[in-house]
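The figures here come from the full heavy-atom set of this structure, side chains too, leaving out hydrogens, waters and symmetry mates. Treat the numbers as computed from the prediction; the structure is a model and nothing was measured.
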Amino acid sequence: MDEMEEELKCPVCGSFFREPIILPCSHNICLACARNILVQTPDAESPQSSRASGSGVSDYDYLDLDKMSLYSEADSGYGSYGGFVSAPTTPCQKSPNGVRVFPPSVPHPAQVQHHLLPHTGVLPPVPRNSCLTCPQCHRSLTLDDRGLRGFPKNRVLEGVVDRYQQSKAAALKCQLCEKSPREATVMCEQCDVFYCDPCRLRCHPPRGPLAKHRLVPPAQGRISRRASPRKTSTCTEHELENLSMYCVQCKTPVCYQCLEDGKHSTHEVKALGAMWKLHKGQLSQALNVLSDRATEAKEFLVQLRNMVQHIQENGVEFEACLVAQCDALIEALNRRKAQLLSRVTKEHEHKLTVVRDQISHCTLKLRQTTGLMEYCLEVIKENDPSGFLQISDALIRRVHMTENQWGKGSLTPRMSSDFDLTLDSGPLLQTIHQLDFIQMKVPAAPILQLEECCTQTNSATLSWKQPPLSTIAVDGYILELDDGNGGQFREVYVGTEMICTVDGLHFNSAYKSRVKAFNSSGVGQYSKTLVMQTSEIAWFTFDPASAHPDIILSNDNLTVTCNSYDDRVVMGNTGFSRGVHYWEMTIDRYDNHPDPAFGIARADVMKDVMLGKDDKAWAMYVDNNRSWFMHNNSHTNRTDGGISKGATVGVLLDFTRGILLFLINDEQQGPVAFNTLEGMYYPAISLNRNVQVTLHSGLPIPDFYTPGESEAAGSVC
């Protein structure tokens, strides 16, 4: 009931409706509120001049005016209330309900008693040429001479408002309590009395005649008690006449006088009660549909609320995972930092060791050099020539040797004080800056769209889509089919499209199909398996794409002839590799006793020679008297009996036994023509310009022939 409250409030005053009237646009408004939002318009003023006059017109009003100009009295359905005019020039405001109204909303009718005519309590007459704008849809219309009385009162809405307000009133009291009446718990509809529980047990026991009385909750009982009897409605144009009929064209109740002299005299009318029941039924049906939608909406809200919880849980889990991943990166960086610091420490110690060794070596060498120099200076001071000459040569050699030891490079540092190590952190910093979320999950299983999946003859079309709520990126799809006989699945399509047609399937076979999606993270789950049945009967035609250029096709590629005197080959557009197949060809024209050939061939058969000349065809060629079987230019099994105009040649291909038979006019021609047939074969024929043939496919197996054990008798695949 609380949800209904907004439906019971006026869009202008925001309070419960009082004396609501129905506007032509089907919206409701209080009678007093309608009076207060009326705007008087000049007689000769057009919509264009109304726009130009007055500086108070808002842009919104201009927009409404442009929309109103699209409507006319004839097509709007509101002709009885006058044509559409421009919106009022008063700037729009919002009512307590948040609806834009023209002009600003006014107090509730209970607060505008000063507008009533003195001593009457009646609203004053509406000025001529008044304009009323619906506060909800902003449609504007002029009032006729009847003014607001021309709008019908919504008594149903008024009654609903009254019952709703009564249901919200104070609790009802028991009518039989003598002192301090208790709160009533039930009401008897037959007795029309409110009871509390003690009084009900004492005064209204559920036995005897009272057992058939209907007890209802107090609120429901109050509504049924206070619900006023149905009032007889009167016509707005003929106030003394009751509404008794319903105009189907105008969709409004009318009186008998309206039918006699009014504008409804030529319209289709029906009884008011019958239309009342009909519309109630229609409303009930619409409510049932709406109720289903409301139920679906409630279930959807539950789903959304569950999603909120799942999002919160997944968010916490994902944040924890992100923190753990970043901590792992930081830990790895710290380990690498320790490794690099260890290398720097080793380099530092190595440099110090080398420099210290060089210092020790130079110190020792310098001490020796200094000692030699001092010794030589002392020797030079000696005055004994012979003694000096005895040691001078040796000293000179030692001095030169020592001087050579201080030669080039001996006074150069063996190690630089700089560290020749540069940390290359650029790529890592760039990688850190590029650190972002990537697709880490495989796609969800696709959904096969059953309404778009179908088979036609020996082709199957499959269509699929991703789940509606899936946001995982998909790079492509893989479609798989089995062999139609319960075998292994095999890939038949890999790509980005979500629809695929597979041709060349076996007839009369049930194929299992499934599809899965993939992305850079891997391959997702399979969809549900769909079983598709190919056609039981092999319908096919001649194939113009593979036929020799001299071949002439007609009759939707069912009739064939040739424009050459040489034999030319044409094949069927469907190949067979399993099952039992039978087709016939009728001789439409047979001149000069040619010898056409009928049979089967591989896809790469020669097209410019008689069928059977190469090793790609197995055929029977026949003239007007006899026939021969031929394969790889080998002629066998001459058989009497030929063809003529109107004759029928049948071809029976049985893969269950691997044999090929021929028939002429429903009789088998010769023995089994060929056996041990395996692989893919196409129906084929060779002929010249003296022959015209019409193909008949999809025929049942001849009665005389019994298929192999793997085929049911009489079936064609």
Is the closest side-chain heavy-atom distance between [X] and [Y] below 4.5 Å?
X      : Y      : answer
Phe662 : Val651 : yes
Val502 : Thr461 : no
Pro594 : Leu687 : no
Asn690 : His593 : no
Met585 : Ile685 : yes
Leu423 : Leu340 : yes
Ile701 : Val580 : yes
Ile643 : Val649 : yes

Query raised in the report: Do we get Arg578 above Phe655's six-membered ring, with its NZ or CZ under 6.0 Å from the centre and within 45° of the axis?
Result: no
Query raised in the report: For Tyr682, is the NZ or CZ atom of Arg602 found under 6.0 angstrom from the centre of its six-membered ring and inside 45 degrees of the ring axis?
Result: no
Report task. Go through the steps for Thr656 and Asp654 under the test side-chain hydrogen bond (donor to acceptor under 3.5 Å, both in side chains), then give the verdict. Result -> CA-CA 5 Å; Thr656 63; Asp654 185 354; 2.3 Å; yes
Heavy-atom closest pair, residues [X] and [Y]:
X      : Y      : value
Ile447 : Pro468 : CD1-CD, 4.2 Å
Pro443 : Ala517 : CB-CB, 3.6 Å
Met571 : Ala684 : CG-CB, 3.9 Å
Leu505 : Ser459 : CD1-C, 4.4 Å
Asp666 : Glu584 : OD1-OE2, 3.7 Å
Val605 : Ala617 : CG2-CB, 3.9 Å

Query raised in the report: What do you reckon, are the aromatic ring centroids of Tyr246 and His279 less than 6.0 Å apart?
Result: yes
Whether [X] and [Y] hold their rings parallel, tilted or perpendicular, with breakpoints at 30° and 60°:
X      : Y      : answer
Phe674 : Phe629 : tilted
Phe540 : Trp583 : perpendicular
His631 : Trp618 : parallel

Query - Derivation and outcome, side-chain contact (heavy atoms from CB on, under 4.5 Å), residues Glu268 and Gln249 - result: CA-CA 7 Å; Glu268 179 186 0; Gln249 182 173 344; 6.0 Å; no
Report task. Using the side-chain contact (heavy atoms from CB on, under 4.5 Å) rule, take Leu663 and Phe704 through it: C-alpha gap first, then chi angles, then the decisive distance, then the call. Result -> CA-CA 11 Å; Leu663 293 85; Phe704 76 88; 3.3 Å; yes
Using a 3.5 Å distance criterion without hydrogens, assess whether the side chain of [X] forms a donor-acceptor pair with backbone atoms of [Y].
X      : Y      : result
Thr639 : Asn637 : yes
Thr534 : Asn508 : yes
Asn458 : His506 : no
Tyr477 : Val474 : no
Asn485 : Gly487 : no
Asn573 : Phe542 : no
Thr455 : Ala460 : no
Ser284 : Gln282 : no
Asn555 : Asn557 : no
Lys528 : Arg514 : no

Are there over 12 heavy-atom neighbours, none belonging to [X], within less than 6.0 Å of that residue's [atom1]?
X      : atom1 : result
Gln449 : CD    : yes
Gln339 : CD    : yes
Glu7   : CD    : no
Asp703 : CG    : no
Asn334 : CG    : yes
Gln456 : CD    : no

Report task. Quick one: do His635 and Tyr621 satisfy ring-ring contact (aromatic ring centres under 6.0 Å, His included)? Show the steps, please. Result -> CA-CA 10 Å; His635 308 255; Tyr621 70 94; 5.4 Å; yes
Nearest 0.5 Å, please: how far is [atom2] in [Y] from [atom1] in [X]?
X      : Y      : atom1 : atom2 : result
Ser627 : Arg638 : OG    : CZ    : 9.5 Å
Lys251 : Ser26  : NZ    : OG    : 9.5 Å
Ile659 : Leu652 : CD1   : CG    : 7.0 Å
Met620 : Leu611 : CE    : CG    : 11.0 Å

Report summary line: Paired with Thr561, the side-chain hydrogen bond (donor to acceptor under 3.5 Å, both in side chains) test is passed by just one of Arg589, Arg689, Gln692, namely Arg589
Query - Chi angles and distances behind the salt bridge (charged side-chain N to carboxylate O under 4.0 Å, His left out) call for Lys512, Asp482 - result: CA-CA 6 Å; Lys512 294 180 180 179; Asp482 69 353; 5.4 Å; no
Requested in this report: May I have the step-by-step check of side-chain contact (heavy atoms from CB on, under 4.5 Å) for Ser463 and Met498, ending in yes or no?
Outcome: CA-CA 6 Å; Ser463 177; Met498 290 189 289; 5.7 Å; no
Query raised in the report: Side-chain donor-acceptor pair under 3.5 Å between Glu480 and Tyr526, yes or no?
Result: yes
Query raised in the report: With His548, which of Val609, Asp608, Asp566 fulfils side-chain contact (heavy atoms from CB on, under 4.5 Å)?
Result: Asp608
Requested in this report: Take Lys441 and Ser521 through the test side-chain contact (heavy atoms from CB on, under 4.5 Å) and record every step on the way to the result.
Outcome: CA-CA 6 Å; Lys441 296 182 179 180; Ser521 298; over 6 Å; no
Query raised in the report: What pairs of residues pass the side-chain hydrogen bond (donor to acceptor under 3.5 Å, both in side chains) test when at least one of them lies in residues 304-317, not counting sequence neighbours?
Result: Gln309-Glu313
